[in-house]
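Model, not experiment: these values are computed from the prediction. Letters go in sequence order (proteins before strands), and every chain restarts at 1. Note: hydrogens, waters and symmetry copies are ignored here, and every other heavy atom, side chains too, is used.
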Amino acid sequence: MLENQFVPKDHESQIYEFWLKHDLFKGDANSKAPTYTIVFPPPNVTGVLHMGHALTCTLEDILIRRKRMQGFNTLWIPGTDHAGIATQMVVERNLMKEEKKSRHDLGREKFLEKVWEWKAKSQETIIGQMKKMGGSFDWSRLAFTLDESVSLAVRECFFRLYNEGLVFRDTAITQWCPRCHTVLSDLEVKFKETPGKFWHIKYRLKGDPSQYLVVATTRPETLLGDTAVAVHPDDERFSAFHGKEVMVPLVARAVPIILDGYVDPAFGTGALKITPGHDPNDYLVGKKHNLPIINLMDKNAVLNQEAGPYQGLTREKARVKILEDLIEHDLLVKEEDHTHNIGHCDRCNTVVEPKVSAQWFVKAEELAKEAIRVVEKKEIKIIPEEWEKTYFEWMRNIRPWCISRQLWWGHRIPVWYCEKCEAVHVAVTAPISCTQCKHTQLRQDEDVLDTWFSSGLWPISTLGWPQQSQDLKTFYPTSVLETGFDILFFWVARMIMLGIKMTGKIPFDTVYLHPMVRDEHGQKMSKTKGNVVDPLEISDRLGTDALRFFLSWNAFHGRDMRVSEEGVESCKFFVNKIWNASRFVLMHFGDVKESNVDLSNEVNRWIWTRLNRVKEEVNRSLENYRFFEAAQAIYHFVWSEYCDWFIELIKSKEELEFRKQAKESTAIEVLEEALRLLHPFMPFVTEKLWQEMPIRDHSKISVSIAAYPIVDNTREFPKAEERLARVIRLVEQIRATRGVHQLSPAVEISLSVNSLVGDDLLNELIPFKELIKRVAKVKELTFEKKEYPKETHISVVTGEVKLFIPKEELGDLTQELTRKRKELEDKTEQLKRADEKLRNEKFMSSAPQAVKEGVQKRKVELKREVDALLQYLEDLA
RNA sequence: GGGCGCCUAGCUCAGUUGGUUAGAGCGCUGCCUUCACACGGCAGAGGUCACAGGUUCGAAUCCUGUGGCGCCCACCA
């Protein structure tokens with residue numbers, strides 16, 4: 001006997017252990033069965049999982065579990081990501097808090113030990129959480145981006161790209177984070193609109209201080225690094241300055257006036273100071289005109305010796321001081337408000353500083369060509385489709401990808417420099433001696449790779465590449481890549497580029513991008529806002545099944561998904577509903593051990609047919625990644641059809657007794673199929689209940705490997721489906737009639753039903769007489785063609801039938817009157833429209849037959865209803 | 001500045017090539033302590049599909065424009 005409720009706390013971990021014990025989730029590299037593979041987007045080892053991870057876990061588990069039940073050789077690879085900057089920052093922060101030390105106090109080696117310790121702890125937590133979510137991962141293949149095998153793949157990839165000239169080292173201006181002490185890729189810089197000032201500064205002509213031009217800038221501190229002032233060649237205001245030099249204010253340095261069409265004469269003052277060392281655009285102009293580059297700042301963005309008297313000041317302080325000095329020397333013309341976009345570090349929100357340095361880059365535009373082609377040719381489908389446009393837009397404008405980072409935590413760049421001749425060696429393993437001068441002292445590049453470089457190889461590196469492993473042969477290309485759209489460029493695009501380049505094959509054929517998790521008001525969840533809904537806490541209290549069902553129910557093709565505790569709670573009610581329906585069915589049919597389905601019974605025929613419909617819907621929806629539709633379809637079937645109607649229809653003492661005696665198994669078998677259908681969504685409760693089912697495939701130890709339901713063509717009974725639909729409609733209409741007359745459901749009424757569409761309908765309804773009487777709480781029920789006199793009966797027309805109810809059994813009718821008058825108005829209007837349509841020649845000649853028939857049918861129906869309403873109102877009056 | 005998307009019931013969202021009466025869940029209202037479940041049952045109210053034009057026999061759906069909202073990319077100092 002099952003307890004009153006499914007208590008997640010008591011059951012979930014036990015059930016998960018049961019799955020693990022029987023090793024049900026392993027991918028078989030030697031299997032001949034069709035494969036279905038997903039690599040789980042590896043969470044950062046920075047802490048704990050949030051709702052977004054819970055969503056990923058849920059959706060991927062649904063896909064994987066269903067395919068596993070369908071007999072696919074499934075593999076779902078779990079793993080974690082070292083997450084370069086993010087993790088290093090967390091550990092640095094802790095180190096400072098706990099030991100008051102910086103990473104430099106420890107040194108590279110000791111610091112990395114600390115990070116590894118942190119990683120071990122964090123990974124353990126994350127794995128526990130993935131298990132708690134019920135994820136059917138193949139734990140034997142657990143991977144980490146810094147595992148030796150993955151690192152080998154990373155070095156191999158770098159090596160191959162370098163040899164093809166697709167990885168190169170270049171001196172370029174990149175964004176530097178003075179807090180993280182590393183360069184960032186374009187994607188890691190977020191621009192924010194910030195109010196600032198526009199300062200107009202005098203640059204005096206060399207040799208004639210009375211002459212000057214005015215330059216406008218938002219960053220006066222960078223004037224120390226100016227190496228030119230540019231004006232538009234056609235700008236006549238400055239023609240007197242052509243070919244001359246001006247003095248950089250405050251420092252006694254002459255710089256040339258250069259002419260460049262890049263300058264917009266209409267913007268600012270039309271004269272532009274050029275600081276190639278600290279502005280990306282100036283850098284390009286400087287390169288074109290061969291201007292010297294002055295690097296003004298150190299790694300902390302503090303001004304260095306190049307800044308002369310300003311050395312030692314931060315960017316911010318230098319600005320203040322320089323402005324003071326400009327005023328003092330009468331060089332500041334004016335100051336105006338100016339809002340502009342300033343780049344911030346994606347990780348730590350520090351204002352970035354453009355800086356010139358030597359870095360490693362990937363020629364992304366080369367790799368993008370194929371990556372664009374495969375999506376154009378639909379070899380890779382992106383769902384929802386509108387993301388394809390965004391993908392193309394980005395890929396077609398892609399720029400070199402800066403992959404070196406000045407961090408300690410990550411894949412060391414596989415490049416060695418000869419200490420003697422500085423020759424560059426790129427290799428998978430450390431070379432022993434210099435290929436140029438045979439010198440044996442080689443120094444490895446200090447930098448590490450962008451964390452996304454290793455993530456970009458994830459589908460192949462976790463399967464053993466560059467080895468031609470059995471795993472790679474069996475499981476690659478993988479099937480679907482499921483993740484949030486926020487990392488489409490960071491991750492998905494790079495996997496496509498690198499996967500194709502390294503293997504010649506696409507890494508997956510489908511990309512499914514799920515919505516972003518928001519709080520119930522649509523706000524981004526964040527710790528500082530305090531609106532974080534913790535998936536583990538929710539699943540502890542309300543159950544993992546409820547959380548998972550909620551997440552799939554809300555996984556529609558939008559951009560935001562709002563998570564509220566209320567929503568999860570209503571899913572918990574659904575868990576409870578299935579649990580109790582199962583209790584009821586087991587209570588009565590628990591000892592029915594063999595399949596014995598009475599297919600002559602109309603109610604059975606109906607529920608089996610309905611079951612086929614929901615199977616169809618669920619399978620179709622999941623094939624199209626429409627999780628919300630699948631979840632809704634099962635919810636509706638279980639609750640509204642199986643519980644509200646099927647169980648209610650068989651619930652009478654006699655019917656139940658009869659079925660039990662006959663050991664009729666429909667109730668139990670339909671439920672069992674529903675459990676299998678639902679299992680990918682709610683693995684725990686369905687496993688528990690499935691184990692209780694007396695009739696099922698006992699050769700399968702767990703529902704997770706039982707067959708996923710498919711349509712049973714031998715159990716299609718459209719006639720019964722239609723008949724029961726009529727019965728249901730009639731019962732609903734009787735109840736509604738009772739409702740508007742404010743009759744207590746307990747009061748039984750007498751009723752006569754008269755068909756409006758012919759005798760066949762009555763004949764069809766007659767066999768269900770007792771059923772209808774019971775379910776609709778009707779004392780006397782007759783099916784008659786006869787019309788009752790209005791002195792004694794009220795007649796109500798509802799669709800295909802006319803109900804006659806003895807007047808004395810009905811209560812107050814005033815409310816009813818108003819309601820019916822309104823109804824009459826509406827129906828008359830509708831009737832008019834239908835009539836107009838049918839008179840319209842063009843409609844009659846061009847509308848599809850089905851539509852015309854529908855309108856015709858509707859018109860007849862409306863006519864009938866309007867007439868009935870008129871009569872009804874007359875009767876009452 | 002460039003691109004993408006959204007606006008449907010109080011809320012969150014479905015609505016697949018234009019076609020019969022625009023749906024669901026939650027919430028709301030009324031009634032019901034019915035023996036699986038009050039985490040329940042039954043019934044009900046609630047929408048001129050953002051707005052304005054256009055195409056069409058017919059538009060939530062297609063086109064144009066307007067308004068509002070959101071996201072992504074770029075970063076003219």
ask   = Between B/rC76 and A/His338, is there an OP1 or OP2 to side-chain N/O distance shorter than 4.0 Å?
value = no
ask   = Within the modelled atom types, does a donor on one side and an acceptor on the other bring the side chain of A/Lys577 and the base of B/rC37 under 3.5 Å apart?
value = yes
task = Indicate whether OP1 or OP2 belonging to B/rC32 is found under 4.0 Å from a side-chain N or O atom of A/Arg738.
result = no
task = Would you indicate what A/Lys852 reaches in the nucleic acid, counting non-hydrogen atoms under 4.0 angstrom: base, sugar-phosphate, or nothing?
result = nothing
inquiry  = Using a heavy-atom cut-off of 4.0 Å across all strands, would you classify A/Ala736 as base, sugar-phosphate, or nothing?
reply    = sugar-phosphate
inquiry  = If you assign each of A/His588 and A/Asp644 to its closest nucleotide in RNA chain B, which residue comes earlier from the 5' end?
reply    = A/His588
Distance-only donor-acceptor check, side chains A/Glu188 and A/Ser185, under 3.5 Å = yes
ask   = How are the rings of A/Phe267 and A/His338 set to each other: parallel, tilted or perpendicular (split at 30° and 60°)?
value = perpendicular
inquiry  = Taking any heavy-atom pair under 4.0 Å as a contact, classify A/Phe485: base, sugar-phosphate, or nothing.
reply    = nothing
query = Which is true for A/Phe489 with a 4.0 Å heavy-atom rule: it touches a base, it touches only sugar-phosphate, or it touches nothing?
reply = sugar-phosphate
ask   = When we call it a touch if two heavy atoms are under 4.0 Å apart, what does A/Arg626 touch: a base, just sugar-phosphate, or nothing?
value = sugar-phosphate
ask   = Under the 3.5 Å rule, do the base of B/rC75 and the side chain of A/Asn341 count as making a donor-acceptor pair?
value = yes
task = Have a look at A/Arg858 and say if it touches a base, only the backbone sugar-phosphate, or nothing, with a 4.0 Å heavy-atom cut-off.
result = base
key: base_contact_polar (B/rA36 base, A/Glu648 side chain, donor-acceptor, <3.5 Å)   = yes
request  = Using only side-chain N and O atoms of A/Lys190, determine if any of them is under 4.0 Å from OP1 or OP2 of B/rC73.
outcome  = yes
request  = Rounded off to whole Å, could you give me the NZ-to-P distance for the A/Lys837 and B/rU56 pair?
outcome  = 17 Å
task = Sort and list the pairs that fulfil side chain to side chain donor-acceptor pair (under 3.5 Å) and have at least one residue in residues 634-646 of chain A, not counting sequence neighbours.
result = A/Arg610-A/Glu641
key: A/Trp387 side-chain N/O to B/rC71 phosphate OP1/OP2 under 4.0 Å   = no
query = Under the 3.5 Å rule, do the base of B/rC4 and the side chain of A/Glu393 count as making a donor-acceptor pair?
reply = no
query = Heavy atoms under 4.0 Å, any strand shown: does A/Asn281 hit a base, just sugar-phosphate, or nothing?
reply = sugar-phosphate
task = Indicate whether the side chain of A/His232 and that of A/Asp264 have a donor and an acceptor atom separated by less than 3.5 Å.
result = no
query = Does A/Tyr391 place a side-chain N or O at less than 4.0 Å from the phosphate oxygens OP1/OP2 of B/rC73?
reply = no
Ring geometry between A/Trp387 and A/Phe485 (parallel below 30°, tilted from 30 to 60°, perpendicular above 60°) = parallel
task = Under 4.0 Å between any heavy atoms, over every strand shown, what does A/His636 touch: base, sugar-phosphate, or nothing? Just pick one.
result = nothing
